[in-house]
Each structure stands twice: as C-alpha cells, then as structure tokens.
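Keep in mind that this is a model prediction, so the values were computed, not measured. Numbered from 1 within each chain, the chains take letters A, B, ... in sequence-line order.
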Number of protein chains: 2
Amino acid sequence: MEKYLDVLKACPLFEEIGDENLLRMLNCLGAKVQLFDKKYTIIAEGNPAKFIGIVLSGSVQITQTDFFGNRSIVAVSQQGEMFSEAFACAEVKAIPVSIIATEPSEIMLIDCSHVLHTCANHCGFHQQLIFNLMKSLAVKNILFHQKIEVTSKRSTREKLMSYLMLCAKKADSNSFTIPFDRQELADYLCVERSGLSSEIGKLKKEGIIDAHKKHFEIL
Amino acid sequence: MEKYLDVLKACPLFEEIGDENLLRMLNCLGAKVQLFDKKYTIIAEGNPAKFIGIVLSGSVQITQTDFFGNRSIVAVSQQGEMFSEAFACAEVKAIPVSIIATEPSEIMLIDCSHVLHTCANHCGFHQQLIFNLMKSLAVKNILFHQKIEVTSKRSTREKLMSYLMLCAKKADSNSFTIPFDRQELADYLCVERSGLSSEIGKLKKEGIIDAHKKHFEIL
DNA sequence: CACCTTTTGTTGAAATTTCAACATACTTTC
DNA sequence: GAAAGTATGTTGAAATTTCAACAAAAGGTG
C-alpha cells in the first residue's frame with residue numbers, strides 16, 4: 001500500500017488524515033487494490049453498489065447504455081478521484097451505470113459499509129471519513145450541475161463551446177487536453193460524432209478554437 | 001416552529017433525531033423561516049452559498065439561465081425536501097443557479113456552517129446531522145444520474161417517455177401528476193415547448209399516453 | 001515497412017428540432 | 001361575467017441534427 005500513499009493523500013476522502021493513520025485505516029477498512037486492463041468493466045450496471053472506488057492510476061469512465069445500445073458517458077474519474085461513492089452511500093440495489101477502465105488502471109475498492117459504520121476496534125477516524133465523504137459528494141453534486149449546464153444547451157456548437165470553456169476554466173489556461181477522443185466527447189455531450197467533428201472543423205476555420213486530437217485551445 | 005414538526009420529521013436531514021431534540025437543535029442551528037410569494041427568488045445566481053434550504057410548504061425550482069436568457073430547469077424541491085445543500089456544504093462562492101418559489105412557499109433556511117462545525121454548547125447531534133447530510137447528498141447524486149439519463153436522449157419523444165416512465169416508477173402507478181406546466185417541462189427536458197406539445201399530441205393519438213394538463217397516464 | 005485496425009473528417013439525404021406566428025383554451029382580475 | 005392575460009396546441013418554413021457511407025489519417029502489430 002505504501003506505494004500508493006502519494007495518490008491517496010491527494011484523494012479528498014483522506015483529507016486531514018496523517019500518513020501513518022492512513023495506512024492503518026486502509027487495513028481496518030479492508031481496502032483492496034485491483035488492476036484492470038483497458039476496456040475492462042470494473043463495476044457492471046445492475047449490480048448492487050457496495051464499494052467506493054478510488055483511481056490509483058489510469059482512469060475510468062462512468063457510462064450508461066440504453067436498450068438500443070446508445071452509450072452516454074456520464075463522467076470520468078482520473079487519478080486520485082473517487083467513483084461510485086454516491087451509489088455505495090445510498091446503498092442502491094442496482095447501479096444504473098457501468099464503470100469502465102479507459103486504460104490499464106489500478107483501482108482501490110473500499111467496502112462502503114466499513115466506512116459508514118464504526119468498526120469493532122474503534123480506529124477512530126470514521127467521523128473524519130464521513131465528513132470527507134460528505135464534502136466529496138457535495139463537490140460531485142456541483143460537477144453534475146456543470147455537466148447539466150453543458151448538455152442542456154440545444155446545439156452541438158453551444159454544447160461544445162460551453163464544455164471547452166469549462167475545461168479552460170478548470171485548467172486555468174486557454175490551452176488544455178480533454179480526456180475524450182471524438183466519439184467519447186460526442187457521447188459525453190450527447191450529440192452525433194460526425195456532427196461534432198464538422199462543428200470542430202467549422203470553429204477551427206472561423207479561428208475560434210484550435211484542436212489537434214485531444215488537445216484544444218480557445219483563441 | 002412546532003407547526004412545522006411533521007414536515008421536518010419527514011425531512012431526511014433530521015432522520016434519527018427525536019421531536020424534542022429537533023426543536024432544541026433548530027434553535028441551536030439558528031434556523032429561520034421565511035415566506036416567499038410565487039415567482040420570488042429565494043437565492044439568486046452568483047451569491048455565495050451559505051444556507052441549506054428546506055421546503056416547509058409550497059415548492060421551488062432550481063434554474064439556470066444563460067447569456068441569451070434561455071432557462072433550464074435543473075430540478076424541483078417539494079415539501080420536506082432540501083435544496084442548495086450541496087453548494088452550502090462545498091461553500092461555493094457564487095452559486096450557478098437561482099432558486100425560485102413556484103407558489104407561495106414557506107422556506108426554512110439553516111446556516112450550513114452551523115451544521116458542519118460543532119457549536120459551543122455541544123448540542124451533540126452534529127455527527128448525526130452530518131451523516132444525514134451525507135446520505136441526502138448521495139441520494140441527490142443519484143437523482144442527477146436519473147436526470148442525465150433522461151436528458152441524454154436525443155429526441156423529444158425519447159426524453160419525454162423516459163421522464164414519464166421515471167415519474168410512473170416514482171409514483172408506483174401509471175397515473176401521476178408532474179410538477180411542471182408545458183413550458184417548464186420543456187425547460188426541464190431541454191427541448192422546445194411547441195415540439196413537446198406536438199409530441200404529446202402524437203403520443204396521445206397513438207394511444208401510448210393520456211395527458212390532461214399536469215396529469216399523465218401511461219397506457 | 002507493410003498490413004490491419006481504429007479514429008477522424010466529409011458528404012448528402014432524411015428526419016427532427018427550432019422558430020415564429022397565430023388560434024384556441026383556460027385563468028385571473030376587476 | 002367581460003376583459004385581459006397566460007398557457008397550450010398547431011402549423012409550415014428554416015435550420016440543425018442524425019444517419020449511413022466512405023475516404024483519409026493515425027496507430028498498432030508482426
């Protein structure tokens with residue numbers, strides 16, 4: 001576990017918890033680490049939510065797929081970020097999304113019931129954990145608001161621009177890299193890939209943005 | 001405060017807290033009640049989030065409005081439900097939404113810092129409050145997932161049908177009332193009002209649904 | 001480096017949505 | 001209960017998106 005310490009310390013779930021305590025706590029929580037290859041499903045839709053996931057390396061996508069096979073990318077979690085914590089906290093019987101590794105990824109899984117309920121040996125950090133979890137859930141709520149602000153736009157162009165402006169704000173720079181290829185970006189913005197491609201082309205021609213692969217710049 | 005006891009007891013924030021303790025706690029938290037007329041803004045976009053809101057009577061809408069004045073309805077909160085709790089917990093400097101009363105509404109406002117930080121006289125329920133808040137945030141996260149599942153659909157018909165099916169599931173009946181008029185439903189589903197109206201008309205003609213004003217039935 | 005696979009861009013036709021405008025129905029107010 | 005205002009349904013034209021198909025580019029593999 002020691003080699004993951006730097007990532008874990010940066011994870012909001014473990015804020016205000018010292019290094020040494022962190023290691024002991026992980027043990028107490030029964031945290032386990034698993035490696036998933038690219039495109040592997042970490043948690044499949046329909047399963048009960050038991051685990052909080054933490055991305056130690058790599059990255060994951062939270063996706064929904066409807067009857068007709070249309071994929072929608074709800075969110076991504078990258079190194080140091082959590083996923084599935086809301087489902088686990090709410091103890092949902094069947095999660096409505098699938099969690100998929102987008103590259104070879106090391107994932108820490110923590111049984112949420114261990115976080116929520118005080119353990120026998122009173123390791124004494126549950127209150128802090130619950131507080132941190134609450135903060136993280138609040139932050140994720142706000143991220144959803146941002147996503148809804150983007151996808152509530154009516155046209156492909158508006159969705160794309162408001163997404164790119166959000167990225168620029170987050171990166172604190174007009175030049176940034178997005179975590180999506182074209183198809184994935186389309187699935188995230190809920191638009192057609194071909195329409196998105198041509199819209200990117202138009203914005204480039206108009207001198208509003210510059211784009212190469214996953215790298216974008218707002219001019 | 002006594003007259004609000006029934007509503008407050010049903011509010012997830014006060015779960016596992018007895019009647020008598022609840023009243024004392026409200027006092028300790030400095031909870032205040034305000035009446036807002038229809039269409040009045042309870043919290044305006046851009047203000048710092050300080051308060052957790054609880055709808056004692058009436059109902060509120062959480063809305064976003066872009067530069068061009070296009071309104072999008074993010075969510076509604078009805079009697080016994082909270083709003084703005086995520087922004088307050090995350091202590092955001094400028095909330096990205098406006099909260100508006102959709103009818104004359106009694107609103108309880110609680111300074112979130114009083115919930116998060118233990119008070120001087122150690123009234124002793126903060127841990128339970130924080131736990132409840134965490135649960136509520138998790139549930140709201142899941143509601144966002146549901147909203148995203150609805151609005152990520154590409155066509156007006158699909159958005160409408162998946163919204164109505166969600167309502168039916170929630171009501172546990174094929175017959176239910178939605179909290180929106182036509183324009184509001186359009187703003188919630190992120191579609192055009194006139195297109196929505198005609199789609200409702202088509203679905204009625206096809207015998208798939210029945211609709212009168214805010215009442216719907218899936219056949 | 002050649003081959004195969006995947007990703008991206010492009011195109012035009014079909015379908016859908018938006019927009020604007022108006023008619024009708026329903027509410028509210030005096 | 002008449003008048004004014006608001007909400008809903010309807011329409012057709014314009015704009016946009018989706019769909020399907022293909023070409024070009026990029027990436028991976030032996």
Looking only at the side chains, is there a donor atom on one of [X] and [Y] sitting less than 3.5 Å from an acceptor on the other?
X: A/Glu106; Y: A/Gln34; answer: no
X: A/Ser98; Y: A/Thr41; answer: no
X: B/Glu103; Y: B/Ser59; answer: yes

Is there a donor-acceptor pair under 3.5 Å between the side chain of [X] and the backbone N or O of [Y]?
X: A/Ser152; Y: A/Ile148; value: yes
X: B/Asp37; Y: B/Tyr40; value: no
X: B/Gln79; Y: B/Leu56; value: yes
X: B/Arg193; Y: B/Asp187; value: no
X: B/Ser155; Y: B/Glu158; value: yes
X: A/Asp111; Y: A/Phe51; value: no
X: B/Ser77; Y: B/Met82; value: yes
X: B/Arg71; Y: B/Asp66; value: no

So for the helix from C/dC1-D/dG30 to C/dC30-D/dG1, with five pairs setting each end axis, what is the inter-axis angle to 10°?
60°

Would you say the side chain of [Y] lies within less than 4.5 Å of the side chain of [X], judging by non-hydrogen atoms?
X: A/Gln78; Y: A/Pro179; value: yes
X: B/Asn27; Y: B/Leu23; value: no
X: A/Cys190; Y: B/Arg154; value: yes

Checking B/Asp19 now: which residues fulfil side chain to side chain contact (heavy atoms under 4.5 Å, CB included) with it, not counting sequence neighbours?
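By the side chain to side chain contact (heavy atoms under 4.5 Å, CB included) rule, B/Asp19 matches B/Leu5, B/Lys9.
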
Can you list, by residue number, the residues of residues 197-205 of chain B that have a non-hydrogen atom closer than 4.0 angstrom to DNA chain D?
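Heavy-atom contacts with DNA chain D come from B/Ser197.
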
Let's see if you get this right: which residues in residues 152-164 of chain B place a heavy atom under 4.0 Å from DNA chain D?
B/Arg154

I need the full list of ring-ring contact (aromatic ring centres under 6.0 Å, His included) pairs touching residues 161-192 of chain A, with sequence neighbours left out, sorted by first then second residue.
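Output for this query lists A/Tyr163-A/Tyr188, A/Phe180-A/Tyr188.
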
Range on DNA chain D touched by chain B, heavy atoms, distance below 4.0 Å
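From 5' to 3', the first and last contacting nucleotides are D/dT8 to D/dT18.
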
For A/Ser173, side chain to side chain donor-acceptor pair (under 3.5 Å) partners two or more places apart:
none

Selection: residues 177-196 of chain A, any non-hydrogen atom under 4.0 Å of DNA chain C:
A/Asp181, A/Arg182, A/Gln183, A/Arg193, A/Ser194

For DNA chain C, the residues among residues 60-78 of chain B that have a non-hydrogen atom under 4.0 Å from it
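Within this stretch, nothing sits under 4.0 Å of the strand.
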
Other residues, nucleotides and ligands only: do more than 12 of their heavy atoms fall within 6.0 Å of CG on A/Asp172?
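No - once you tally the heavy atoms of other residues, nucleotides and ligands closer than 6.0 Å, there are 12 at most.
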
Pairwise side chain to side chain donor-acceptor pair (under 3.5 Å) hits with a residue in residues 200-212 of chain B, at least two apart:
B/Arg157-B/Glu206

Non-neighbouring partners of B/Glu91 that pass salt bridge (Lys or Arg N to Asp or Glu O under 4.0 Å), sequence neighbours left out
A/Lys135

Could I get a table of every N or O pair under 3.5 Å where one atom is in the protein and the other is in nucleotides 26-30 of chain C?
residue	atom	partner	partner atom	Å
C/dT27	OP1	B/Lys213	NZ	3.2

